[in-house]
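Inspection log for the structure reproduced underneath, given as C-alpha cells.
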Amino acid sequence: MPKRMTRYLITSALPYINGVKHLGNLVGSLLPADVFARFCRARGFETLALCATDEHGSTTELAAAEAGRDVRAFCDEQYALQKAAGDGFGLSWDHFGRSSNAPNIALTQHFARLLWRNGHLDVRTTKQVYSNADKRFLSDRYVVGTCPHCGYERARGDQCENCTRVLDPVDLINPRSAISGSPDIEIRDSTHLFLKQSTFVPQLRAWIDSHERDWPVLVTSIARKWLDEGLQDRGITRDVEWGVPVPDDIADGQLKGKVFYVWFDAPIEYIGCAQEWAEANGKGDAWRDWWIGPKSKDVVYCEFMGKDNIPFHTVGFPVTVMGARPQEDWKLVDRLKGFNYINFDGGKFSTSSKRGVFMDAALEILPADYWRYYLMANAPESSDSNFTWEHFAGQVNKDLADVLGNFVNRVTKFCGARFEGKVPSEGEYGDEEKALIEELDKRVGEYTQLFEAMEFRKALAELRAIFVTGNEYLTRAAPWTHVKTDRARAGAAVRMGLNLVHLFAHLAWPVIPTSARRIHQAIQDAPEVIPWPDEAMGDFLDDLEYGMAIGVPEVLFAKITDEQIADWRARFGGGG
RNA sequence: GGCAGCGUAGCUCAGUGGUAGAGCAGGGGAAUCAUAAUCCCUUGGUCGGGGGUUCAAAUCCCUCCGCUGCUACCA
C-alpha cells in the first residue's frame, strides 16, 4: 500500500466521564469516527484517531460525592469502564486519553495565557448563587425552586422542565440547593474570565461560509444561528474544584482558586490527546506535526459529533484557536460531520433515567459488529432516527445473516464439497463474469466515494447492494447445476465466488472489522489493516491463487430470534 | 415565546423544478449450493392540509396542522 501525502486527523466528541455511553452517543460520534478512521487507514493514508474522556466540571464532582468517592478515583474507575466498552466495540483509537491528564492541563493554561495576552479575555464580576450549607457555589441547574411561570415546584435554575422556559436562578420562588435541599443560599459576587467571542463574529462567519459545501446543512445552520442571534461573550471559568486551575499570571491572580469551564478545556484535549499519544508511543514532538507548523498543512482534520456539540465546535473552540493567532497557528477543523439523535422506540435515550441500551449491555447480548452495522446503516444523518428491536433484528438478520453470511457459507461449503476446498483452477471467466466485473467496478467506486463524502447511510446501502450483486451472480452462474455436466464452467464460477468472498471482507472491514477478518481468514491470513481494493475489479477478482486451500467459517451471524427480542424488550424496554 | 429541522408506500428512508423511488414487510414464481438462506416478477403512495408562482411543483413562495431538537451555567 503506497503512502499518500494527505494525513487524516480524526477526533470524536469526547464522551463525558459520567458513566458508560448509550447507543445514541455511540452512533453520533464514536462509531462513525472509527469507521472513517479505518477507511482512511485501509486506503493507505497516515491516520491519527483520537478520543478521550471529558472529565471536569460540577457534574462529575457531584456524581463522585454521591458515590462517596474521591473525584480522581471516581474518574479513574469510569475511564476504565469507558475504555473497555470502546475496545469491546472495536473502536480503534490510536489513543484514548483523558482531559484531566497533564498535557491538557498545560495546554489549556497555555491557550488561556495567549488569549489573555492577545486581549481576548475580560475579567468580569458576576452574581453567583452560593450555598452556605454546601459551602460551595451552585451552578444554575443545582438551584431548584418554584417556577415563576407555571408554578412547577421542582424547576431548575437554568430551565423549568415542566414548561420548558429558560430561567435565571434568581427568578425562582423559594430557591434552595438541589444538593442538600437547604434554602440557606445567597447571591455573591464572583470574578470570572470571559472570552470575547463577539469580536470574532466576522471571522467565524467567513470561515463557516467557506465550508458551505463540505459541511452538512445541520452543521452550518446551527453555527449560523448562534452568530445571527448575536454571539455573546462566554464565561470560561467556574467556581468549582475539579478542573484546570487558572494560572496566577493571568489577571494578576484575581482568579485564584478557580478553574476553567469544562467546555473551554475539553476541546483542547483533542490536542492534549495527541501529546498523550506521542508520550505513550515514544513519538516525542511528533504530535505537534498533526496540529501546528508546516507539516500540519498536509493534515485533513475531521471531527465527528452529535448536534448538541456543534456550537462548541463551530464557535467556542474555533475562537480559542483563532485567538491564539498570530503567535501560534493551530489547525481548525476541516471536515465537521454532525449527527442527529437516535431515539429508542420513539422516546429519547437517556443516561440519567437509564433509558435505552448502553454500550456495555449491548455487548453482553450481541457481538459488536451487529451493532456497528445496524447503527451505521441507520445513522441519523438527515433527521433523528428510531431504534426498535424489531427493526434491528430484521435488518441484521436479512443483511448480515442472509445476504452476506449465507453467501460466504454457500460458496465456501460448495467449494469444500465439490472442489476439495481448493480454489478451482479449471475454467475461464466468460461473459457472465465480465458483466459482474463491470458492475462491481461501478459499485465499488460509488461505495468509495460515499465513504469519502461521509455519507454513511448511503455507503452502507451500497455495500449491501454489492453483497446482493454476489448472490445474483451466483444464481446466474449456478455452479451446482454445471458441475454435473461442465466442471470447468462450475470451477470458474466457484473461483469467482471465492474471490467475491475475499472482496467482501476487504470492503466490509471498516464497518464490521471482526467479521470481515473472520471472512478473510477463511480464504487466507488477514493483515491487521485489511486494505481497500484500489485495483480494477478485473484484477482483484482473479487474485486468489489457483489451488490454494480455503476453509469454511463457522456461522458468521447467528440470527436473532423472536425469543431474544422478547427477552431484550423485557430487559431494556422499547417496543418493536 | 423565538429559531431550526422534519412530515414521501404498512415500516425505515432516498429523491430539491420535468412521466413518484429503494430496502424490509405482503403476493406470485424459479432454483435446491447454502444459516429455509438465494434469485426473478409483483401489489402498494391524490409526496401532512390548503392556497399561490410556473408550460410543468414532492421539489419554489405563503399559510395552517403535527412531530423533534436547540434556546448559551448539563455535557
Side-chain angles (χ1 to χ4, degrees), chain A residues 13-18 25 54 56-60 62 126 128-129 137-143 149 156-159 163-166 168-169 192 197 217-218 221-222 224-226 228-235 238-240 261-263 266 306-312 315-316 340-341 343 346 348 351-352 377-378 381-388 390-391 394-395 397-403 405-418 457-458 461 464-465 468 470-481 483 490 493-494 497 552 554-559:
Chain A
L14 306 189
Y16 199 61
I17 189 71
N18 194 15
N25 301 124
D54 172 17
H56 295 133
S58 54
T59 307
T60 306
L62 294 166
T126 62
Q128 302 290 328
V129 178
F137 282 96
L138 301 176
S139 57
D140 291 358
R141 67 188 309 241
Y142 287 110
V143 183
H149 302 289
R156 297 193 323 208
D158 56 344
Q159 185 169 25
C163 68
T164 74
R165 279 200 225 222
V166 178
D168 196 285
H192 284 291
Q197 299 188 128
V217 180
L218 177 73
S221 72
I222 290 176
R224 287 196 176 115
K225 193 198 78 171
W226 278 56
D228 293 344
E229 288 182 358
L231 189 59
Q232 294 171 29
D233 296 339
R234 181 184 274 270
R238 291 292 183 273
D239 290 296
V240 299
Y261 175 39
V262 59
W263 262 116
K307 60 183 167 186
D308 52 334
N309 272 274
I310 290 172
F312 303 101
V315 175
N340 287 284
Y341 294 139
N343 291 314
K348 279 201 243 187
T351 304
S352 52
N378 295 283
E381 291 176 309
S382 60
S383 61
D384 292 353
S385 66
N386 195 25
F387 175 93
T388 63
E390 209 165 67
H391 190 242
Q395 186 156 10
N397 285 349
K398 189 71 181 170
D399 294 2
L400 293 183
D402 297 347
V403 175
N406 181 57
F407 178 81
V408 173
N409 190 249
R410 64 199 294 215
V411 169
T412 51
K413 266 199 177 158
F414 187 75
C415 176
R418 298 308 192 102
R457 200 169 186 138
K458 289 179 185 171
R464 182 192 192 282
V468 168
N471 280 306
E472 288 169 0
Y473 163 77
L474 207 59
T475 297
R476 283 195 305 269
W480 47 87
T481 301
V483 75
V494 170
V552 178
E554 291 300 303
V555 171
L556 288 161
F557 304 99
K559 289 216 207 185

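Chain A is the first sequence line, chain B the second, and so forth, proteins listed ahead of strands; every chain is numbered from 1.
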| note | From CG of A:N378 across to P of B:rC13 the rounded distance in Å is 7 Å
| query | Considering residues at least two apart in sequence or located in another chain, which fulfil the side chain to side chain contact (heavy atoms under 4.5 Å, CB included) criterion with A:R418? | reply | A:F414, A:V483
| message | Can you list everything that forms a ring pair (Phe, Tyr, Trp, His ring centres under 6.0 Å) with A:F137? Sequence neighbours excluded, please. | response | A:Y130
| task | Name all residues meeting the ring pair (Phe, Tyr, Trp, His ring centres under 6.0 Å) criterion together with A:Y473; count only those two or more places apart in sequence or in a different chain, and write none if there are none. | result | none
| query | Do the side chain of A:N406 and the base of B:rA34 come within less than 3.5 angstrom through a donor-acceptor pair of N or O atoms? | reply | yes
| Shortest non-hydrogen contact from A:E381 toward A:N340 | O-ND2, 3.4 Å
| field | Whole-Å distance separating the CG atom of A:L62 from the C1' atom of B:rA75 | value | 14 Å
| message | Classify A:S139 by what it touches in the nucleic acid, base, sugar-phosphate, or nothing, heavy-atom distance under 4.0 Å. | response | base
| request: For A:T481, enumerate each residue passing the side chain to side chain contact (heavy atoms under 4.5 Å, CB included) test, keeping only those at least two apart in sequence or located in another chain. | output: A:A478
| task | With sequence neighbours excluded, tell me which residues meet side chain to side chain contact (heavy atoms under 4.5 Å, CB included) with A:T60. | result | A:Y16, A:I17, A:V71, A:F74, A:C75, A:W242
| said: Among residues at least two apart in sequence or on other chains, which ones pass side chain to side chain contact (heavy atoms under 4.5 Å, CB included) with A:A461? | reply: none
| Taking OP1 and OP2 of B:rA72, is either one under 4.0 Å from a side-chain nitrogen or oxygen of A:K225? | no
| Would you say B:rC39 has OP1 or OP2 under 4.0 Å from some side-chain N or O of A:Y473? | no
| note | Residues passing the ring pair (Phe, Tyr, Trp, His ring centres under 6.0 Å) test with A:F407, sequence neighbours excluded, are A:F504
| field | pi-stack flag for A:F414 and B:rC33, centroid dist under 5.5 Å, interplanar under 30° | value | no
Between the protein and nucleotides 21-24 of chain B, which nitrogen or oxygen pairs are less than 3.5 angstrom apart?
| from | atom 1 | to | atom 2 | distance (Å) |
| --- | --- | --- | --- | --- |
| B:rG23 | O3' | A:R464 | NH2 | 3.3 |
| B:rC24 | OP1 | A:R464 | NH2 | 3.3 |

| said: Defining pairs by Watson-Crick or G-U wobble geometry with both distances under 3.5 Å, how would you list the stems of RNA chain B with at least three pairs each? | reply: B:1-7 with B:65-71, B:10-13 with B:21-24, B:26-30 with B:38-42, B:48-52 with B:60-64
